[in-house]
**Q** 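Below is one structure. I have some questions about it.
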Amino acid sequence: GLYTFHEDPTKTKHYALTMFPYPSGNLHIGHWYANVAPDAHARWMRMRGYNVLFPMGFDAFGLPAENAAIKHGLNPATWTSSNIEHMLGQFKRMGTMIDWSRSFATCDPEYYRWNQWFFTEFFKRGLAYKKNGLVNWCPKDQTVLANEQVVDGRCERCGTPVERRHLSQWYLKITDYAEELLDFSDTDMPERVKAMQTNWIGKSVGAEITFDTPAGPETVFTTRPDTLMGATFLVLAPEHPKVPALTTPEQAEAVQTYVEAAGRKTDVERQQDLGEKTGVFTGSYATHPVTGHQLPIWVADYVLMTYGTGSIMAVPAHDERDFDFARKFGLEIREVIRPEGAMPLNPETADAAYTGEGVIVNSGEFDGLPGGKASIATVIERLEALGVAKAKTTYRLRDWLVSRQRYWGTPIPIVYCPEHGAQPVPEDQLPVKLPENVEFMPTGQSPLKLDREWMRATCPVCGGPAERDTDTMDTFVDSSWYMYRYLSPHDDQHPFDPAHAHLLPVDLYTGGIEHAILHLLYSRFWTKVMRDMGLTVQNEPFARLRNQGIILGEDNEKMSKSRGNVVDPDDLVREYGADTVRTYLMFIAPWELGGPWDPSGINGPAKWLSRVWALYFDEKAAGPEEGVTERELRYAVHTTLKKVGGDFERMSFNTIIAALMELTNTLVKAKRSPVFGTPAWEEALDIFGRMLAPVAPYIAEEIWRERGGTKSVHLQPWPEVDEAAATRDTVTIGVQVNGRVRGEVEISKTAAAEEALAAARAHPDVAKFTEGKQTVKEIYVPGRIINLVVK
RNA sequence: GCCGGUGUGGCGGAAUUGGUAGACGCACUCGACUCAAAAUCGAGCGGGAAACCGUAGGGGUUCGAGUCCCCUCACCGGCACCA
């Protein structure tokens, strides 16, 4: 049928995908904006002869379903499926070419079974592991969160300040792929997405240096090993495990008080206190590995347990934070990098750290080397020879915390045997189905714990009694590989059928920028693991990614019910029809930009489409007789065709609509010209009708049928540009005098320089400015410009 | 602070490779049609009386700059005590 994808070896495949929605119950105008332009693009690709796979599904697990279900006293499954049903109807009114035969919801056991399968495979490969550690905890949603889900210290979903807790949780080892995730050479993504991911991964190149302490050797990470001789104290994060052992009895009370206070702070409070340094002396000293000097060891919350080793060597002369700390607590400041030609630093009067490059001083054998990046490699090499340092690259990226203490998600397919510990559920026992009748009020405990019957399992190793893991997976697991599932959505042998692997990767992926880090980073990671498992040969899931902008309310604010600025697409469709809404959304702004909704602006596309209809089916309108010639008409049609094709290629949808409007203006004139009714006129109507099809599919189809077309306009080939018709023999070019436009001349496109310049000089408006002046230079760029330089 | 992006009429925006800035539309003005209005159709619409001036501001390269280079400013987004 029209909207169903079938393998076709005679055609080139094109896999186009728009991020699937959460089944909230309603498609809002933002969904339309996100889906309509990619749909037009996919339709255009199909008309060009590509075999286009354009599927859609629902990202159905997650907290909102659970919270809404609690609020309305429904089961999340019931709530979700009725929402999906309603949204399907809305999607269909939108007029997309989505192949619904491949649709699925991620809460289908037939789908999440493969989440579980992947999890057990990750587990077997050491890429899924359970660890006790400091985690982000949302006290409102009563669950742990991944680092990526904490925004400004708050829960990404509900905005509650996140707390820190020590809990045993499951992680996926995304850090194994940190370096590879920095390489974007196999994917075409917007700069800002690449920049955001790169920042998030946070690579730092430097060295690890080990100091002896009374509690054993302590390794610190630094990006400035060239400042090692300037280290005058060490600082440990309050949560650092060595803190108790390093605290002397005299300091015990002060340290304990400080550490406890730091532990109580949420990230939000910590950020509010930013700037004012706090800390406390442990009473112990570390030994400088080169000089043997005794360096006091402090505890301070400006050092983070979650980065590097949780401890630092403080170089107050060359690090602003260390400088502030040293000033406040009267610690030694020792200069080891000096700006070129500067006097030695006076530690008493210095008012800031010098973080720039310069020359190394007061550092024995390193004296005279350039400071900063220039000599880091040399410094590390020599320190390695001395046995005190080791080159080290650190990433800010943490492993992905995937377990959640909520109900509406994929059960983690692990059982715990008293004898054999954590064991993956064997493949033939998957899926581990989510039990249906569970009290799932958020209590901080996993709701699945309440179903004792469900928890009962057997150990796959010994067959003895075992207990199921009661956590569910982060929903970002679902979306990390769903693009593969569309290839064979009901396959019960594999996550996807390898026979269809040639459809990969997704050629064009579109969606919101809000997923720049979370979903996109996770799915890139997942693809790399799948590649290493031999499931795909691709390095990247998406060959090309584009982000649409956001449609704001009329008041230039984010649309929300509480602001009362929400635009309802269903209302618009009732008033104007889907094609008008589609074309307006494409026309309103560059698609990647978005912007505020202009309620009067929709009049433009509405009028345009009725003019288009009139063009085909109204009587020849009254009005002045026009003189559009056949040559001019064909020129307009074929140049527009060329432009529209190019604009689809670069996804410039607003200029596609503009070009079609412009051509409509010409066609309206042509209808009142002698060219009306000629073969050129009929050709124009035919080509225009096909160009309309991707952007306004309903009207284009009606026009096609009314004109007696067979099958569907959407199955017609995209017209070929007649290059000869799209070219002009003569061209109107501007004539400049000293770079200012003074007139224009119509000349042959290939006119020789003498001819062109003669025509230019003869132009009366030009002559006014050249008269009595000496010609210095004459520029003629055929087809573009003439510039006469005089003085 | 670091990283990325964006600055063009009253508004949304166009100018794809350095070559006639303001396409296309909204709003507005005038005209036709109408008793009238709406709809529709036609015309106009950066500023200035003009010379000229105009793409955030200043400099530069060039015959020629919205476009390239340097500096500055503003706004948006991301990260941020990351050693």
Side-chain angles (χ1 to χ4, degrees), chain A residues 151-152 190-200 202-204 206 220-224 227 231 235 237 270-271 273-277 300-304 306-315 318-322 324-325 355 394-396 513-514 516-517 550 583-584 587-590 592-593 595-605 607-608 610-611 614 618 621-624 643 646-647 649-650 652 654-665 668 732-745 776-781 783-790:
Chain A
V151 177
D152 294 332
E191 280 310 313
R192 59 175 171 163
V193 173
K194 292 195 275 189
M196 282 164 75
Q197 292 196 12
T198 303
N199 284 344
W200 186 259
K203 179 178 181 174
S204 293
V220 302
F221 173 73
T222 179
T223 55
R224 293 294 304 273
T227 64
V235 187
R270 239 172 126 144
Q271 268 170 36
D273 298 343
L274 214 144
E276 185 61 19
K277 293 279 181 293
D301 67 0
Y302 82 93
V303 174
L304 307 175
T306 51
Y307 184 77
T309 62
S311 59
I312 61 153
M313 65 174 203
V315 184
H318 307 295
D319 181 282
E320 285 169 27
R321 298 151 299 179
D322 298 343
D324 293 344
F325 195 81
T355 56
T394 295
Y395 301 89
R396 207 184 74 100
I513 186 70
E514 68 274 18
I517 295 172
I550 298 170
T583 49
Y584 181 48
F587 185 60
I588 194 167
E592 304 212 354
L593 201 65
W597 178 262
D598 174 1
S600 66
I602 197 168
N603 293 334
K607 278 195 261 182
W608 171 52
S610 66
R611 271 156 61 84
D618 280 10
K643 175 170 175 55
D647 285 356
E649 196 80 59
R650 63 191 180 106
S652 176
N654 57 332
T655 55
I656 290 171
I657 305 298
L660 292 176
M661 286 175 168
E662 201 174 354
L663 180 57
T664 304
N665 294 340
V668 166
T732 307
I733 64 174
V735 180
Q736 301 178 332
V737 179
N738 292 343
R740 290 217 176 117
V741 179
R742 300 301 184 186
E744 53 186 34
V745 290
V776 177
K777 198 170 183 180
E778 292 172 325
I779 312 285
Y780 168 54
V781 183
R784 294 212 179 265
I785 201 82
I786 293 169
N787 191 8
L788 308 176
V789 186
V790 297

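A note on names: the letters A, B, ... follow the listed sequences, proteins ahead of strands, and every chain is numbered from 1.
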**Q** Quiz question: going by heavy-atom distance under 3.5 Å, is there a donor-acceptor pair between the base of U40(B) and the side chain of K607(A)?
**A**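 Counting by modelled atom types and ignoring angles, no donor-acceptor contact under 3.5 Å is found here.
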
**Q** Whenever both distances are under 3.5 Å in a Watson-Crick or G-U wobble pair, mark it; put RNA chain B into dot-bracket that way, with [ ] for crossing pairs and | when the partner is on another strand.
**A** (((((((..(((......[....))).(((((.......))))).((....))..(((((..]....))))))))))))....

**Q** Taking salt bridge (charged side-chain N to carboxylate O under 4.0 Å, His left out) as the test, write out the residues that go with K277(A), two or more places apart.
**A**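 Partners of K277(A) under the salt bridge (charged side-chain N to carboxylate O under 4.0 Å, His left out) test: none.
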
**Q** Looking at residues at least two apart in the chain, or sitting in another chain, which of them share a side-chain contact (heavy atoms from CB on, under 4.5 Å) with D152(A)?
**A**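 Applying side-chain contact (heavy atoms from CB on, under 4.5 Å) to D152(A) gives none.
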
**Q** On RNA chain B, does the nearest nucleotide to V781(A) precede the nearest nucleotide to M661(A) from the 5' side, or the other way round? Give the residue.
**A**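 The answer here is V781(A).
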
**Q** What string of B, S and - do you get for nucleotides 64-69 of chain B, 5' to 3', if B is base contact, S is sugar-phosphate-only contact and - is no contact with any protein heavy atom under 4.0 Å?
**A** S-----

**Q** State which residues pass ring pair (Phe, Tyr, Trp, His ring centres under 6.0 Å) with Y302(A); sequence neighbours excluded, sorted by chain then number.
**A**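 Applying ring pair (Phe, Tyr, Trp, His ring centres under 6.0 Å) to Y302(A) gives F325(A).
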
**Q** Can you build the contact string for nucleotides 1-9 of chain B? Use B for base contact, S for sugar-phosphate-only contact, and - for no protein heavy atom under 4.0 Å.
**A** --SSS----

**Q** As a test of reading the structure: which of U16(B), G19(B), C26(B) is closest to the side chain of I785(A), going by heavy atoms?
**A**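 Looking only at side-chain atoms, I785(A) lies closest to G19(B).
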
**Q** Considering residues at least two apart in sequence or located in another chain, which fulfil the salt bridge (charged side-chain N to carboxylate O under 4.0 Å, His left out) criterion with E514(A)?
**A**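 Expected list: none.
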
**Q** Just by protein heavy atoms under 4.0 Å, how would nucleotides 48-53 of chain B read 5' to 3' in B, S and -?
**A** ----SS

**Q** I need the full list of side chain to side chain donor-acceptor pair (under 3.5 Å) pairs touching residues 734-745 of chain A, with sequence neighbours left out, sorted by first then second residue.
**A**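 Qualifying pairs: none.
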
**Q** Could you work out, with side-chain contact (heavy atoms from CB on, under 4.5 Å) as the rule, every residue matching E191(A), not counting sequence neighbours?
**A**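 Once residues adjacent in sequence are excluded, the partners of E191(A) under the side-chain contact (heavy atoms from CB on, under 4.5 Å) criterion are K194(A).
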
**Q** When the P atoms of G1(B) and U62(B) are compared, how many Å lie between them, rounded to an integer?
**A**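 To the nearest whole Å, 35 Å.
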
**Q** For G48(B) and U34(B), measure between their C1' atoms and round to the nearest Å.
**A**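 It works out to 39 Å between them.
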
**Q** I517(A): what forms a side-chain contact (heavy atoms from CB on, under 4.5 Å) with it, not counting sequence neighbours?
**A**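 With neighbours one apart ignored, the set is E148(A), M196(A), W200(A), L521(A).
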
**Q** Just the table, please: protein N/O against nucleotides 56-59 of chain B N/O, every pair under 3.5 Å.
**A**
none

